[in-house]
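To start, the structure itself, in structure tokens.
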Amino acid sequence: MSLSFWILDVASERRNRTPEVILWGISDGNERILVRDRSFSAHLYVVPHEGVSTESLISAVRGLSFNDIITNAEVVRKRYFGNPTEAIRFDINEPEDIEKLARAVDSLPQVKMVLEHDIRYAMQYMLERNVLPCGWVEADVEAMGHQGIRVDSAYSLLSKPRMAGRDDIPKLRQMALHAIYLSRRGTPNPDRDPIAIMSIATSDGDVKQLVMEGEDDSKLLSDFVELCGQKDPDVIYGFRSNRGLWQYLTRRANRSGISLSVGRGGEEPHMSVYGHVSVSGRANVDLFDIANEITDIKLETLEGLADYLGIRREDDWEAVEQQEVYSYWGSRRSDLMEFGRQASVCTLEIGKRFLEYLVELSRLTGIPLDHVMAASTGFRVEWYLMREAVSRGELIPPRIERPYTPYLGAIVLSPKPGLHDNIVSLDFKSMYPSLMIAYNISPDTLVRSDDVDVNEYNIAPEVGHMFRRSPPGFYKEALLKLIETRDALKAKISRSDIKEDERKILEARQMAMKLIANASYGYTGWIGARWYVREVAESTTAWGRASISKAIDACKRIGLELVYGDTDSLFVRNEPEKVELLLSFIRSELGLDIKIDTAYKRVLFTEAKKRYAGITEDGRLEVVGLEAVRGDYPNVARKAQRALLEIILRDPSNKKAALEFIRSLVERISSGSYPYKDFVIWKEISKGLEEYKVKAAHVEAAKRMMEEGWEINPGDKVGYVVVKGPGQLYDRSIPYFMTDKDHLDYEYYISSLVMPPLLRALEAAGISAQDIQRRKGSLFDFT
DNA sequence: CGCAGGCGGGG
DNA sequence: GTGTACGCCTGCG
């Protein structure tokens with residue numbers, strides 16, 4: 001029979017000694033299904049040294065003790081970094097032994113390289129069969145039994161799966177989890193502290209809450225496993241579920257002799273690639289990965305993400321922090337329950353909001369839905385490239401450890417400090433990808449010999465690297481495909497006859513494409529990249545510098561005042577005719593597109609690069625790089641700078657208003673009018689605490705948390721306040737929940753964190769240090 | 001006082 | 001475990 005189904009997840013297992021690929025899916029009849037494919041062999045490619053015959057190499061490999069796992073050897077014509085390459089493909093029937101085989105083969109003197117052994121069996125399948133996760137496929141299948149597996153039907157594949165030409169998303173059953181751990185002190189420990197409340201919201205509109213009995217959470221856990229089976233979700237959302245929730249649940253369950261068998265095959269959750277937890281047959285998605293990727297979110301919490309999305313309505317609900325749980329459990333249990341309920345509902349809502357995007361990112365990169373968000377940028381770009389490589393007959397290079405060699409980046413101009421009226425910012429459109437396309441910058445077009453006809457090559461300025469003009473290189477084609485498809489999508493989206501459901505999918509798809517295109521240059525300079533070639537990254541920035549330099553020269557020729565520029569942007573006086581001259585010069589002479597990005601009524605620059613603020617033509621305050629947008633300044637300082645910038649930019653002549661604002665601000669802070677939480681400073685612990693070379697405030701605060709039983713790991717953020725008392729700053733940095741408002745050192749906050757950013761803004765606005773000095777001591781005293 | 005460590009943001 | 005350029009606070013000698 002023929003079957004059409006959507007791929008939710010891919011896995012592999014060995015059944016009756018034969019390895020097989022498992023496709024978990026949803027059929028077009030909306031059944032949850034399992035499809036087994038035993039026709040695919042794990043494989044690797046072997047490239048012989050020059051002069052070694054493929055026959056002799058095959059017999060040498062056959063002579064190794066691994067011969068019994070090799071099922072086929074075949075000479076294939078491939079390319080490697082663009083060069084035609086003859087390789088031998090060895091198919092094997094023991095995917096688990098592929099690395100051992102690869103090492104043995106690699107040690108043969110005849111062997112130049114062993115390739116693609118480092119790609120997992122299931123992913124080799126997806127690449128080779130050209131099948132995408134979250135895509136619809138069609139295949140001939142035969143029904144088979146599915147005892148013990150929670151699906152409606154199971155099949156075995158009789159034909160190769162073919163991608164079907166449809167891009168809708170089946171109606172997925174979604175579930176959101178939230179757990180509250182009852183710890184008397186410090187980080188909850190699954191060997192000690194039970195799960196007090198579990199809240200489970202599902203896309204059928206249901207919210208279930210499970211509560212432990214006394215201090216016993218065993219029933220809660222077994223009920224959860226049962227509920228999971230009943231609701232049978234396709235997608236499970238959590239927040240911090242990869243690092244916390246799943247391990248905790250599993251550990252607690254196992255202590256009670258319960259198996260947390262929530263997978264569709266009855267399995268427990270298990271650690272998988274990219275720090276992701278896999279629940280078989282379902283897509284487990286940790287929304288923390290989403291929060292982490294949105295740079296506007298400074299503190300990556302569920303509430304932070306919800307607020308950013310406008311999902312948590314004002315004062316809807318307040319998060320109960322871990323250190324408060326114990327006392328809530330004692331005296332405010334219903335509030336705690338309500339928090340859990342709200343958190344699970346909110347988690348579900350956020351998950352739903354991002355589902356199309358996750359699906360499209362998964363389809364674009366080929367990374368399965370459950371870990372596409374866990375994979376970092378470099379790996380997403382790389383998976384996109386790996387798919388392109390396979391379709392071009394390119395062998396996939398291995399990861400190689402290399403020494404780090406720095407290279408030059410972009411040009412940043414020193415701004416003209418002060419206030420500037422009537423400014424526009426111009427942005428080169430996708431500068432780096434455009435340059436890579438325009439100059440055919442790619443690992444396979446780079447030529448290292450200098451004995452060539454220079455007319456056939458693009459030669460990078462300053463650095464002199466040479467790239468073949470034709471044929472188009474790997475990067476050029478991969479990027480063109482992305483950019484052209486995205487442009488077509490955007491055109492389609494703007495059409496009026498598109499239905500809302502389809503528009504959402506197309507919008508998500510073009511966003512995913514933008515993400516990969518924007519990350520492509522960074523990938524080329526990543527030392528861990530499979531296609532890393534330093535000259536490619538170095539040449540791209542060199543052409544970037546040349547391009548903006550020519551644009552700067554053009555400004556001078558045209559007589560257009562330039563106030564600032566960074567990498568691919570120029571801030572110029574808004575004189576439309578001159579701006580048009582500049583734009584057309586850039587388009588015709590530099591072969592790059594450029595657009596007007598933002599028109600400002602007024603912009604303020606200090607002496608510093610990468611920091612400015614402006615009021616746009618439509619009246620918005622935009623702050624870039626300044627303390628007001630930095631997550632490591634306390635709220636009080638950020639809000640103050642934003643407010644002052646607003647005053648200055650809206651009416652620069654009103655010096656009095658600015659100075660009066662500062663006077664009253666200082667007074668309000670000193671008198672304790674600001675809420676305590678506005679003084680909390682959040683900083684990331686970037687490495688093991690013992691690795692720090694100097695005593696830093698946030699590190700000492702972290703140590704104080706550890707003494708109180710809190711676990712601190714690299715990547716965690718520590719929130720601390722500075723209290724009055726003797727000693728260095730690091731002696732007085734206390735985790736915010738270990739002290740209170742009465743101890744705050746307001747003088748420190750004012751003189752070191754609040755005032756300096758304000759003074760820099762005032763200075764730039766022409767309100768001199770003397771103006772302030774004159775008032776200091778008389779009107780107000782801030783030191 | 002100058003330099004280094006550390007962090008987080010910009011394009 | 002995408003890149004480089006940059007500013008600012010603090011510790012340290």
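The basis for the numbers below is simple: all heavy atoms, side chains too, and nothing from hydrogens, waters or symmetry mates. This is a predicted model, so every value here is computed, not measured. Numbers restart at 1 for each chain; the letters A, B, ... are given by sequence-line order, proteins then strands.
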When you compare the side chain of A:Tyr357 with that of A:Ile290, does any pair of heavy atoms fall below 4.5 Å? no
Quick one: label A:Leu626 by what it contacts on the DNA or RNA (base, sugar-phosphate, nothing), any heavy atom closer than 4.0 Å. nothing
Check whether any side-chain N or O of A:Ser686 sits under 4.0 Å from OP1 or OP2 of B:dC7, and answer yes or no. yes
So, does A:Tyr404 get its side chain near the phosphate of C:dT4, meaning an N or O under 4.0 Å from OP1 or OP2? yes
From the list A:Arg638, A:Arg611, A:Arg642, side-chain hydrogen bond (donor to acceptor under 3.5 Å, both in side chains) with A:Glu627 holds only for A:Arg611
Between C:dG7, B:dG10, C:dG1, which nucleotide has the shortest distance from any of its atoms to the side chain of A:Ala608? C:dG7
Taking side chain as C-beta onward, heavy atoms only, is A:Ser539 less than 4.5 Å from A:Phe467? yes
Side chain of A:Lys609, heavy atoms from C-beta onward: which of B:dG8, C:dT2, C:dC6 has the nearest atom to it? C:dC6
May I ask you to verify if any side-chain N or O of A:Tyr692 is less than 4.0 angstrom from the OP1 or OP2 atom of B:dC7? yes
C:dT10, C:dC8, C:dT2: which one has an atom nearest the side-chain heavy atoms of A:Trp526? C:dT2
Measuring only between side-chain heavy atoms, which start at C-beta, is A:Met373 closer than 4.5 Å to A:Leu361? yes
How is A:Ala410 classified with respect to the nucleic acid when contacts are heavy atoms under 4.0 Å: base, sugar-phosphate, or nothing? sugar-phosphate
Picking from B:dG6, C:dG11, C:dT2, the nucleotide nearest the side-chain atoms of A:Phe379 would be C:dT2
Strictly distance-based, threshold 3.5 Å: is any side-chain N or O of A:Arg534 a donor or acceptor partner for the main-chain N or O of A:Tyr404? no
Taking only the side-chain heavy atoms of A:His698 (C-beta and beyond), determine which of C:dG7, C:dT10, B:dG6 contains the nearest atom. B:dG6
For salt bridge (Lys or Arg N to Asp or Glu O under 4.0 Å), just list the numbers for A:Arg732 and A:Glu700, CA-CA rounded to whole Å, side-chain angles, deciding distance to a tenth of an Å, and then say yes or no. CA-CA 9 Å; A:Arg732 301 183 288 116; A:Glu700 295 307 301; over 6 Å; no
Can you see if the side chain of A:Tyr730 gets near the phosphate of C:dC12 - specifically, an N or O under 4.0 Å from OP1 or OP2? yes
Candidate nucleotides B:dG8, C:dT4, C:dG11, ranked by approach to the side chain of A:Lys717 - the nearest: B:dG8
Need one value for A:Pro757: base, sugar-phosphate or nothing, where a base atom within 4.0 Å counts as base even if backbone is also close, heavy atoms only. nothing
When you measure from the side chain of A:Val694, which nucleotide among B:dC7, B:dG5, C:dG7 comes out closest? B:dG5
Could you check whether A:Tyr532 gets within reach of a base, just the sugar-phosphate, or nothing at all, counting any heavy atom under 4.0 Å? nothing
Which label fits A:Tyr600 and A:Phe571: parallel for a plane angle under 30°, tilted from 30 to 60°, or perpendicular past 60°? parallel
For DNA chain C, which residues of residues 628-640 of chain A approach it to below 4.0 angstrom with any heavy atom? A:Arg630, A:Tyr633
Need one value for A:Glu627: base, sugar-phosphate or nothing, where a base atom within 4.0 Å counts as base even if backbone is also close, heavy atoms only. sugar-phosphate
Does A:Gly522 reach a base, just sugar-phosphate, or nothing at all? Heavy atoms under 4.0 Å. base
Nearest to the side chain of A:Ser376 - C:dT10, C:dT2, B:dG8? C:dT2
Distance in angstrom units between A:Asp566 CG and C:dC6 P, rounded: 8 Å
In this structure, how many angstroms lie between the P atom of C:dT10 and the OH atom of A:Tyr720, rounded? 8 Å
Presence of A:Tyr748 side-chain N/O under 4.0 Å of C:dT10 phosphate oxygens OP1/OP2: yes
Answer with base, sugar-phosphate or nothing: what part of the nucleic acid does A:Val381 contact at a heavy-atom distance below 4.0 Å? nothing
Just wondering, do A:Gln641 and A:Arg630 contact through their side chains at under 4.5 Å, heavy atoms? no
Any idea how A:Trp531 and A:Phe474 line up, ring-wise: parallel (<30°), tilted (30 to 60°), or perpendicular (>60°)? tilted
Between A:Lys683 and C:dC9, is there a contact of a side-chain N or O with OP1 or OP2 at under 4.0 Å? no
Could you work out which one of C:dC6, B:dG5, C:dG1 sits closest to the side chain of A:Lys693? B:dG5
What nucleotide, of C:dC12, C:dC8, B:dC7, holds the atom closest to the side chain of A:Arg760? C:dC8
Report the residue (A:Ile411 or A:Tyr432) whose heavy-atom-nearest nucleotide on DNA chain C is the more 5′ of the two. A:Tyr432
